[in-house]
Amino acid sequence: MYDFFIHLYVFLLRMAAPFHPKARLWVKGRRNWRARYGADFQRRGQVLWVHVSSLGEFEQGRPLIEAFRAQYPAWQIVLTFFSPSGYEIRKNYAGADFVAYLPADTRRNAADFLDLIQPDLAVFVKYDFWANYLFALQKRAVPTMLVSALFRENQPFFRWYGALWRRMLHCFTQVFVQNEDSKKLLHRIDFQDVTIAGDTRVDRVLGIAAQAPEHAVVAAFVGVADPSNRVVFIAGSSWEADEAVFLPALLHPNTAAGIKIIIAPHEISPENIRRIEQTAGAGVLRYTQATPATARTARILLIDNIGLLNTLYRYGTLAYIGGGFGKGIHNTLEPAAFGLPVIFGPKYAKFEEARQMVQRGGAFPVHDMASLAAIVQQLRDADAYKRASQAVLGYLAESKGATAKVMGWLIDRERTTVDGGRTGFDGKK
């Protein structure tokens with residue numbers, strides 16, 4: 001039945017490809033993959049295979065990839081994506097020797113792909129469990145890890161119908177989870193090879209914050225960024241439902257004084273950029289059309305390109321993260337790394353870092369314009385702002401180091417001795 005649904009999923013994507021850009025990229029990227037991958041990748045030594053679902057999971061895996069490269073420079077690194085939104089942005093990532101789409105999870109594809117790359121070690125990031133690949137790795141005795149994982153009680157692993165999912169789970173040599181609750185859930189179904197390591201994204205965002213470059217246009221737009229004087233409100237990965245809440249709240253005469261707004265929407269299509277301009281009204285300036293001189297007098301700076309957001313937070317005082325009025329919020333760790341209190345919509349319960357920051361008083365869920373305006377006003381108080389900022393920075397300080405924990409486990413395993421001889425990751429002499 002699993003194989004039937006995989007084939008059905010691929011068929012439906014092919015049918016949708018002429019009409020849907022992402023489906024088209026998904027299909028095109030996997031077309032004739034055996035010939036293309038065989039020509040582009042030549043195995044010349046030991047291979048680490050890292051699989052991620054999309055861009056967010058790549059950012060979680062990136063610190064581990066780079067730490068592994070530093071520790072084992074002779075290894076080749078293969079990086080695969082499931083989603084076009086991750087692959088198309090990071091297909092030229094220099095930290096991997098080969099970057100590709102993961103072929104659809106059929107038995108034949110899994111066998112042929114593993115025959116091609118012949119991994120000595122495999123890492124899956126957070127989730128994106130694919131049964132045929134995991135069973136094939138287990139059959140080949142390839143050590144396989146899951147990192148930055150989060151488990152919840154309502155997932156199939158812990159349900160009466162979750163036998164297949166539990167079989168997949170037992171394909172992992174070691175699972176590194178983000179919290180104690182996840183470890184307890186795994187122990188409940190008798191999975192013992194689990195370590196609490198935290199979230200590797202924390203290491204990533206702290207590294208970005210430490211090296212964030214200057215942006216002359218944004219610096220001119222911001223002017224003096226002091227929460228007691230001028231609020232710089234940065235909306236990251238916003239959707240129309242988010243903008244319908246924060247724009248009226250921030251542009252209202254009772255709230256607007258001393259506020260500058262940076263909007264980096266999740267979708268930067270020309271149509272969406274024009275929609276935001278029309279909604280926001282006067283004083284909107286597109287980043288790609290801005291100069292330091294024109295930015296100084298703008299009220300709203302609209303980021304209409306990709307790749308800037310995670311370093312723009314250095315200029316902010318408050319961050320709003322989009323998605324909370326839809327399927328779920330986007331990256332809250334990036335603004336937290338700069339000490340920004342974080343605001344988002346009500347759908348955040350599945351995100352451990354957001355829940356932790358809310359509990360500590362550094363993040364604030366809102367439900368409408370009035371609640372958002374109230375939070376912004378509350379955080380204009382210098383003492384309230386300082387407490388919230390310290391709360392998010394404190395959470396990150398306690399959560400960092402996941403990459404070092406995973407690498408420490410790997411190094412210990414690789415150096416294990418049997419009968420006085422050195423072993424590899426597979427435990428063989």
Side-chain angles (χ1 to χ4, degrees), residues 56-68 123 125-127 145-153 174-187 194-212 227 234 236 310-311 313-314 316-321 324 328-344 348-365 375 379 383-412:
E57 292 74 35
F58 166 77
E59 291 298 329
Q60 283 182 299
R62 184 171 180 167
L64 183 60
I65 292 172
E66 294 173 358
F68 192 93
V123 174
V125 179
K126 193 174 183 179
Y127 51 64
M145 299 189 304
L146 178 64
V147 301
S148 294
L150 273 176
F151 292 93
R152 299 181 302 277
E153 194 158 5
Q174 190 74 12
V175 172
F176 295 89
V177 296
Q178 293 188 29
N179 58 25
E180 179 71 28
D181 289 343
S182 294
K183 182 178 180 179
K184 288 179 179 177
L185 284 170
L186 294 179
H187 281 179
V194 54
T195 301
I196 301 173
D199 188 348
T200 50
R201 280 185 308 167
V202 172
D203 301 325
R204 172 67 179 154
V205 298
L206 290 174
I208 290 172
Q211 302 176 28
I234 301 183
N310 59 7
T311 60
Y313 290 119
R314 65 173 290 180
T317 52
L318 295 178
Y320 179 96
I321 300 302
I329 57 175
H330 294 283
N331 195 326
T332 57
L333 293 175
E334 289 176 348
F338 292 90
L340 272 62
V342 185
I343 304 169
F344 38 72
Y348 70 94
K350 293 182 179 180
F351 302 86
E352 173 70 8
E353 65 278 8
R355 293 194 301 108
Q356 287 290 334
M357 286 190 281
V358 169
Q359 291 175 14
R360 295 162 186 249
F364 305 87
I375 292 298
L379 292 173
D383 290 336
Y385 184 89
K386 183 177 180 180
R387 288 193 298 271
S389 179
Q390 289 176 338
V392 294
L393 289 174
Y395 168 69
L396 295 185
E398 293 175 17
S399 305
K400 66 182 180 180
T403 303
K405 291 175 183 176
V406 176
M407 285 301 301
W409 184 90
L410 278 171
I411 292 168
D412 286 346

>> What's the separation between atom CD in Gln359 and atom CD in Gln356, rounded to the nearest 0.5 Å?
In response: 5.0 Å

>> Ignoring hydrogens, what is the shortest heavy-atom contact between Pro365 and Val358? Give both atom names and the distance.
In response: CD-CG2, 3.9 Å

> Got a second to check how far Leu333's CG is from Glu353's CD, nearest 0.5 Å?
Replying inline: 4.5 Å

> How far does CG of Leu318 sit from CZ of Phe364, to the nearest 0.5 angstrom?
Replying inline: 9.0 Å

> Are a donor atom and an acceptor atom from the side chains of Asp203 and Thr200 found within less than 3.5 Å of each other?
Replying inline: no

>> Are there over 12 heavy-atom neighbours, none belonging to Lys126, within less than 6.0 Å of that residue's NZ?
In response: yes

> So do Lys405 and Thr195 actually touch side chain to side chain, heavy atoms under 4.5 Å?
Replying inline: no

>> Quick check: do Val147 and Gln60 have side-chain heavy atoms less than 4.5 Å from each other?
In response: no

> Ser399 side chain to Tyr395 main-chain N or O, any donor-acceptor pair under 3.5 Å?
Replying inline: yes

>> In the structure I gave you, are the side-chain heavy atoms of Phe344 and His330 within less than 4.5 Å of one another anywhere?
In response: no

> If you look at every heavy atom in Ala388 and Leu379, which pair is closest and at what distance?
Replying inline: CB-CD2, 4.0 Å

> What class does the angle between the rings of Phe338 and Tyr313 fall in, given that below 30° is parallel, 30 to 60° is tilted and above 60° is perpendicular?
Replying inline: tilted

>> Checking Arg355 against Glu352 for the salt bridge (charged side-chain N to carboxylate O under 4.0 Å, His left out) test, could you report, in this order, the C-alpha distance in whole Å, the side-chain angles of both residues, the deciding distance, and whether it holds?
In response: CA-CA 5 Å; Arg355 293 194 301 108; Glu352 173 70 8; 2.4 Å; yes

> Taking all non-hydrogen atoms of both residues, which atom of Met357 and which atom of Ala336 are closest, and how far apart?
Replying inline: SD-CB, 3.8 Å

>> I need the minimum non-hydrogen distance between Pro341 and Thr317, along with the two atoms involved.
In response: CD-O, 3.4 Å

> Could you give the distance from CD (Glu180) to NE2 (His187), rounded to the nearest 0.5 Å?
Replying inline: 8.5 Å

>> Could you report the tightest heavy-atom contact between Ala319 and Leu340, atom names first, then the distance?
In response: CB-CD2, 3.9 Å

> If you take all heavy atoms of Thr311 and Arg314, which pair is closest and at what distance?
Replying inline: O-CG, 3.1 Å

>> Going by side chain to side chain contact (heavy atoms under 4.5 Å, CB included), name the residues that satisfy it together with Ala149, two or more places apart in sequence or in a different chain.
In response: Leu146, Phe151, Val175, Val177

> Say you draw a straight line from OH of Tyr320 to CD1 of Ile375; how long is it, rounded to the nearest 0.5 Å?
Replying inline: 12.5 Å

> Would you call Glu59 and Arg204 a salt bridge, using N to O less than 4.0 angstrom?
Replying inline: yes

>> In the structure I gave you, are the side-chain heavy atoms of Val123 and Val406 within less than 4.5 Å of one another anywhere?
In response: no

> Say you draw a straight line from CZ of Phe68 to CD1 of Ile411; how long is it, rounded to the nearest 0.5 Å?
Replying inline: 9.5 Å

> Do the non-hydrogen side-chain atoms of Ile321 and Pro335 ever get within less than 4.5 Å of each other?
Replying inline: yes

